[in-house]
Undergrad: 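Handing you this structure, nothing more for now.
Because the structure is predicted, anything quoted here is derived from the model rather than measured.
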Amino acid sequence: MVRKFTVLVLAAIAASGISLSVEASSPRAKEWLMARGGTCKSVSTCEEAVELWCGGYSRADGDGDGIPCENVCRLKSQVDAIKQRIGC
């Protein structure tokens, strides 16, 4: 019941346009990103994109170049640094 409520609240916050800062290394980051829609269009930072990708959203790197969600991530070196920092 609490999890369902949390997802509903996060979905409402996302729909309202309010921006929340969530550390990508947080165990709840994947749930939060998935509640926001779980696609590259739903992320606003490269860190969120890497967390989404590492969390199992393989379509984030559709061209297989090692850079997920190229709408927010530009450099492989940036992605690699984030992956190392969050333990992906």
Undergrad: What is the distance from atom CH2 of Trp53 to atom CZ of Arg59, rounded to the nearest 0.5 Å?
TA: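 Spacing of CH2 (Trp53) from CZ (Arg59) equals 15.5 Å.
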Undergrad: Can you list every pair that meets side chain to side chain donor-acceptor pair (under 3.5 Å) and has a residue in residues 60-76, with sequence neighbours left out?
TA: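 Checked against side chain to side chain donor-acceptor pair (under 3.5 Å) - neighbours excluded - the pairs reaching residues 60-76 are Lys76-Asp80.
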Undergrad: Distance check, rounded to the nearest 0.5 Å: Cys69 atom SG versus Lys41 atom NZ?
TA: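 Rounded to the nearest 0.5 Å, the SG-NZ separation comes to 11.5 Å.
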Undergrad: If we only count heavy atoms from C-beta on, is the Val43 to Leu52 side-chain gap below 4.5 Å?
TA: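 In contact.
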Undergrad: Using side-chain contact (heavy atoms from CB on, under 4.5 Å) as the criterion, list what pairs up with Cys46, not counting sequence neighbours.
TA: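 Testing Cys46 for side-chain contact (heavy atoms from CB on, under 4.5 Å), a comparison that skips the adjacent residues, returns Val50, Cys73, Gln78, Val79, Ile82.
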Undergrad: So does Ser44 get a backbone contact from the side chain of Glu48, meaning a donor-acceptor N/O pair under 3.5 Å?
TA: yes
